[in-house]
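Let me begin by presenting the structure, written as structure tokens, before commenting on it.
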Amino acid sequence: MEALNEGERRLQTALEAGRLGAWEFDLASSVLTTSTTCKAIFGRAAAEPFTYTDLLSAIHPDDQERMQAAVHATIETGSDYSIEYRTIWRDGSIHWAEIRAQLYKDSRGTAVKLVGVSADITARMQAEEDQRRLNDVLEQRVTERTRELQEAHANVMVEVSQRERAEEQLRQSQKMEAIGQLTGGVAHDFNNLLMAVMGNLEMLERHVGDDSRAKRLIDGALEGARRGASLTQRLLAFSRRQDLKIEPVALPGLVRGMEDMLRRSVGSAIQIETELPEGLPAVSADANQVELALLNLAVNARDAMPDGGTIKIQLKQSGAAVESEHLTAGSYVVLSVADQGHGMDEETLKKAIEPFYSTKELGKGTGLGLSMIHGLALQLKGRLKLNSIVGIGTTAELWIPVSPMTAVKASPERKPDTHLDGATGPKRILLVDDDILIAMSSVDMLMDLGHDVVEAHSGEEALECLRNGPTVDLMITDYSMPGMNGGDLVKAARAISPTLPVLIASGYAELPPGLDLNVARLGKPYTQSQLASEIAKVLNAATD
Ligand SMILES: Nc1ncnc2c1ncn2[C@@H]1O[C@H](COP(=O)(O)OP(=O)(O)OP(=O)(O)O)[C@@H](O)[C@H]1O
Ligand SMILES: [Mg+2]
């Protein structure tokens, strides 16, 4: 008995040290016996009764099924009972219990009762839960941070590519600007030289009389010079320094007027379709230059379709809603020329408007067609847009701003009067040009027309003539001269002689906008008959 009591005490001590509750459940009677610690685990005081029904109702409803199943499994298979579940205390608080038990059988092997221990594992479960939550939060933070980093990276990549694109565009436009200035300068000087060559050849032609061989040679030289002049005109157009005659132009009429000529230029293998809606507003443009542009676009389309096809010429009104890099907001009429030709690859499309860029065989293309149209478009404050797909075709669009005025019906130009009449009888003309070569050839032309010419090679010299020389009827002056330019000279000359008729000769749009001098202009290079007709116009206007 003593040994037994001793054993019982040691067991009690061990249970208390392990904070374990002890219990027994009798299977036949469903009587539950629990130690004080065991009751405490379920939140019950030592004095309180704690039956099997009390136990069941103290288990969290969501865990009951699991608990019952575990009990049955142990009874049926004899395996150890081991489970963790939530308990609900009287104050409603939730705790965790861990229960372990074994099946106790009698000597015949019949299951009699479950005997086991219970422990409060709330603190452990809480710690595990906290850990889990912390992990979740950490994981979430890592995911968020990763996403932020990915987004930041993507943004940087977008910015880099936008920047690269902008830089490329800037480089391209700076390049075009530089080429423009260079070609403009060269073309200007060439224009002056050609002017002297053509002027002198014209005069010479008159002097050789009936010598047909000499005449042929001179004609050849003149033809060459004319081609050179048209080349410099295209270069000046590209560099946006062309002398434009901007007026309201009705494009449908302009295109219709060109149709015959376009058909002849593209040949019979190619159809031309037009879509020219009526009621389009007039545009601010130089009609001759737009005609030239249209002809160039049609020829490009023809060259892209060696086996024939259709060229579609269309007009439509379009608005640039927002100010873009190329267009200011406003209303435009778009002249488009579309072909079904071989198209352009990206590289060609990028370079197409560069002067002298041509994929055509040597001698076939100068590579100035699109450059000229591009320069013209910009000078008109519009734009040239090119769309092209290899193997499908190309569409070129010339955007021209709508004119605030309506187009005037083109009146047949008065035939220039090259003879000396009442107003243009022999006059005394002051000719001012810093370029001796040009001055010489112009003086020859004027004298040949029967005029008396006074020559000056600078603004100062010209003013000197006006002040102290014989009275002159007309002054013809170059614009860009070192020292005093043509504009300043005209102002100073008007101070001396307020009604003096003046003609300013210039090879390109060098006259600054807003130069309101009320003077007639003469485009360089000019022929003798052009010179005569401009003189007649100015003098007629002066006597009106
Ligand atoms: N409609 C088009 N279809 C396919 N390629 C085109 C078309 N228009 C222009 N191109 C390409 O652009 C290049 C430049 O055209 P651009 O009109 O400036 O010069 P070009 O036609 O070669 O010579 P030019 O017009 O001075 O006689 C052409 O050589 C061609 O490669
Ligand atoms: Mg061309």
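Each ligand, and each atom within it, is numbered from 1 in the order the structure gives.
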Discussion item. Below the 2.8 Å mark, what number of protein N, O or S atoms do you get around the Mg ion (ligand 2)?
Written reply: 1
Practice prompt. Check ligand 1 against Thr359 and write out every atom of the ligand that is under 4.0 Å from a heavy-atom position of the residue.
Written response: 28 (C), 29 (O), 30 (C), 31 (O)
Fill in: For the student: nearest non-hydrogen atoms of Met344 and Ala352, plus distance
SD-CB, 4.0 Å
Worksheet item: Looking at ligand 1, does any of its N/O atoms fall within less than 3.5 Å of an N/O of Ala304?
Response: no
Worksheet item: Any N/O of Thr348 closer than 3.5 Å to an N/O of ligand 1?
Response: no
Worksheet item: Are the charged groups of Asp473 and Arg428 less than 4.0 angstrom apart, N to O?
Response: no
Discussion item. Quick check: Met344 and ligand 1, any N/O pair under 3.5 Å apart?
Written reply: no
Discussion item. Below 4.0 Å, non-hydrogen atoms only: which portion of Thr394 touches ligand 1? Side chain, backbone, both or neither.
Written reply: side chain
Practice prompt. Would you check whether Gly341 reaches within less than 4.0 Å of ligand 1, judged by its heavy atoms?
Written response: no
Fill in: Nearest non-hydrogen partners of Ala462 and Val432, listed with the distance
CB-CG2, 3.6 Å
Worksheet entry | Sidechain N-carboxylate O distance under 4.0 Å for Glu259, Arg263 | yes
Worksheet entry | Identity of the nearest option to atom 21 (O) of ligand 1, non-hydrogen atoms only, from Lys360, Glu361, His374, Met372 | Lys360
Worksheet item: Is there a donor-acceptor contact under 3.5 Å linking the side chains of Lys524 and Asn192?
Response: yes
Worksheet item: Does even one non-hydrogen atom of Lys351 get within less than 4.0 Å of ligand 1?
Response: no
Worksheet item: Stepwise, does the salt bridge (Lys or Arg N to Asp or Glu O under 4.0 Å) test hold for Glu168 with Arg165?
Response: CA-CA 5 Å; Glu168 169 65 25; Arg165 219 172 312 134; over 6 Å; no
Worksheet item: Is ligand 1 under 4.0 Å from a heavy atom in the side chain of Asp339, in the backbone, in both, or in neither?
Response: side chain
Worksheet item: What's the shortest heavy-atom distance between Ile272 and Val266, and which atoms?
Response: CD1-CG2, 3.9 Å
Item to complete: Inspect the contact between Lys316 and Glu397 and indicate whether a charged nitrogen and a carboxylate oxygen are less than 4.0 angstrom apart.
Response: yes
Worksheet item: Out of Gly393, Ala352, Ser371, Gly343, whose heavy atom sits nearest atom 12 (O) of ligand 1?
Response: Ala352
Item to complete: State whether Glu354 and Lys175 are salt-bridged, where the test is any N-O pair (Lys NZ or Arg NE/NH1/NH2 against Asp/Glu carboxylate O) under 4.0 Å.
Response: yes
Item to complete: Over all heavy atoms of both residues, which pair between Leu254 and Ala287 is shortest? Give the atoms and the distance, please.
Response: CD1-O, 3.7 Å
Worksheet entry | Residue pair Lys427, Asp452: steps toward the salt bridge (Lys or Arg N to Asp or Glu O under 4.0 Å) verdict | CA-CA 6 Å; Lys427 300 286 173 195; Asp452 187 7; over 6 Å; no
